[in-house]
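Report on the structure given below.
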Amino acid sequence: MSAGRVVASAKHGDRPLAVLVLAAGLGTRMRSATAKVLHRLGDRPLIAYALDAARKLSPDRLIVIVGHQAEEVEAACKSHGDCRRICFVRQAEQRGTGHAVRCATPGLAGFWGDVLIIYGDVPTLRAETLASFVEGHAKSGAALSLLTACFRDPTGYGRIVRGTSGEIERIVEERDATPDEEQIQEINAGIYCVAAELLLEAVGSIATDNAQGEYYLTDIVSVARRQGRRLWSCGIEDPAEVRGINTRAELAEMEARLRKSIVEKWMAAGVTFEDPATAYVGADVKIGRDTTIGPNTHLRGATVIGEECRIDGSAYIEGARLGARVHLKFAVVITDSSIGDDVEMGPFAHLRPGTDLARGVHIGNFVEAKKAKLGPGTKANHLSYLGDVTVGENTNIGAGTITCNYDGFRKHPTVIGDRVQIGSDTQLVAPVEVGSDAYVGAGTTVTHAVPPGALAVSRTPQRNIEGWVARRRARESGAAAAKAAAGASEKPPRSPMKTRVRQRLRVVGRSRRRRLVGGPAQEPASKVAPRRKRTQRGVTRVRVARPASSRRPTRR
Ligand code: UD1
Ligand code: CA
């Protein structure tokens, strides 16, 4: 027996223990293309619960029987806890629970102890319950022990048929039961503890003479009885623990119960939930004392929330690590990121995987960060995309800053130093560096390194055109008046095609007309906008489309 067995250890005597987890079935009643044990409950696949309980018993062998979507089920097992000691065996064709155990024979080669059989679809069964069952089995000296429960509605379960003196005779599946047997409320939980030699012999001798034409593991009971082996049964204290998941409705019901119990556990540990009914906390999440969780908050994966944090609500947080006193304002999404103490974030902000915010960082509304490392005290308060960027401490990222990290082929990094001021509407075209204490002027497109302490500006200088608005308004109202006059003389409306042709002609004839009427202010409204070109301070050239021979600068 392994020295490290936590729960079951000393009590199980000298016999080694193997745990067999049945997880090969499709789960027809789920009506799904996905194997039942891969369906998720409280943020983890069903199989993870059975494995957790099994591991807590520190068994000498842990065997998982996979079949339907075997690779995916194995992968799910491997991504939940230490899987080095799991022996996977395949049941290529799912011909019943008895057949599944028969397929596990290679995994039990040379094993002489007791085998505890559990199912991958019974997620709330606790390790403590299993441990006391195994202990009771050892004490009873039985060769085969059963865990049973009494359900007011036993629909779907195998019923325990007892003889006149109360001894177990056999288990009858619902589909094979007589109307009288259907009335039996004592059910088979599907959890057995069996001497290995009896188990292997019994599963080798069962047949398929039943309604489903399957090898029923339940038939080992009759085999053991025929052989005169001692049987023992143990009624479970809380029957809800052995409820299996067979349908989507049962899954949803279980989800609600599990969610409630997780939230209650954290409330008992000192966490405030403003609306427990809309808090979704995964089984692997950890929350610090005096943290307050607002409505509609989803905490998933291996998320860890520190002490005295506040999550306002409508948050989706997966695989994140939050320090102490973090304030997440309304509506944030955080995935696989790390957040230091005293960070403020939101409302409406998004941290994508690989983001690391140091102590005291502020992330404001409509900021998205991906693989962004922000040093202590750095702020990005409005409307920014920070991707593949490393920022030092106490730097200020202005509103509308974008790291242009992707050139269509590759992602490139941006590095920004300490105490930098990045002006609003800056584009940082990566790869690029901005040294410590540098300033970047608003509206700058940074395409090459900014040395420490320098100011980088790339915007075009501003020019003002005096009186432009008045001229434009006069032009517009002139056009409106002309249109009204045209309407009064009851000219038929021009066809759109004719109008376009006239516009063309007008552009060509503009130079002549300009000479006659004195400048663009009196031109019809429908003209094509002229292209203006700055020449010297305060002077603007207006260029219009016309033959090169007639081109001449017009002063305004
Ligand atoms: C089984 C029991 C029933 C018991 C109930 C408790 C049998 C015949 N019936 O019925 O008495 O009340 O569990 O939950 O054993 N599996 C395989 N290979 C197969 C078939 C199933 O690995 O060929 C696995 C499934 O993945 C599942 C478990 O065995 O994890 C139970 O299978 P399921 O079909 O749900 O059995 P039940 O009909 O619920
Ligand atoms: Ca079942």
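When reading the values below, keep in mind they use all heavy atoms of this one structure, side chains included, and skip hydrogens, waters and symmetry mates. Counting convention: from 1, in listed order, for ligands and their atoms alike. Fair warning: this is a prediction, and the values are worked out from it, not measured in the lab.
Here the heavy atom of the protein found nearest to atom 25 (C) of ligand 1 is G25 N, 3.8 Å. Remark: minimum distance from atom 13 (O) of ligand 1 to any protein heavy atom is reached at Y119 CE1, 3.1 Å. Of all protein heavy atoms, the one lying nearest to atom 23 (O) of ligand 1 is G96 N, 2.9 Å. For atom 22 (O) of ligand 1, the closest non-hydrogen atom on the protein side is A24 N, 2.9 Å. Of the protein's heavy atoms, N188 O, 4.0 Å lies nearest to atom 5 (C) of ligand 1. Protein heavy atom closest to atom 32 (O) of ligand 1, with residue, atom name and distance, is T97 CG2, 3.9 Å.
Classification of the W232-F133 ring pair by plane angle, with boundaries at 30° and 60°, yields parallel. Ring pair F330/F348 is perpendicular by interplanar angle, where above 60° counts as perpendicular and below 30° as parallel.
Using a 4.0 Å cut-off between heavy atoms, Q91 contacts ligand 1 through its side chain alone, with no backbone atom that close. Under 4.0 angstrom from ligand 1, the non-hydrogen atoms of N246 all belong to its side chain. With a 4.0 Å cut-off on non-hydrogen atoms, K36 touches ligand 1 through its side chain and not its backbone. Residue contacts with ligand 1, taken as heavy atom pairs separated by less than 4.0 Å, involve E173 solely via side-chain atoms from C-beta onward. Counting heavy atoms under 4.0 Å from ligand 1, residue R29 touches it through the side chain alone.
Distances between N or O atoms of L22 and those of ligand 1 include at least one value under 3.5 Å.
Here the N, O or S atom of D121 that is nearest to the Ca ion (ligand 2) is OD2.
Contact annotation: D121 has at least one heavy atom less than 4.0 Å from an atom of ligand 1.
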Legend entry - Audit row: E253, R248, salt bridge (charged side-chain N to carboxylate O under 4.0 Å, His left out) steps and yes/no: CA-CA 9 Å; E253 207 180 289; R248 305 243 186 189; over 6 Å; no
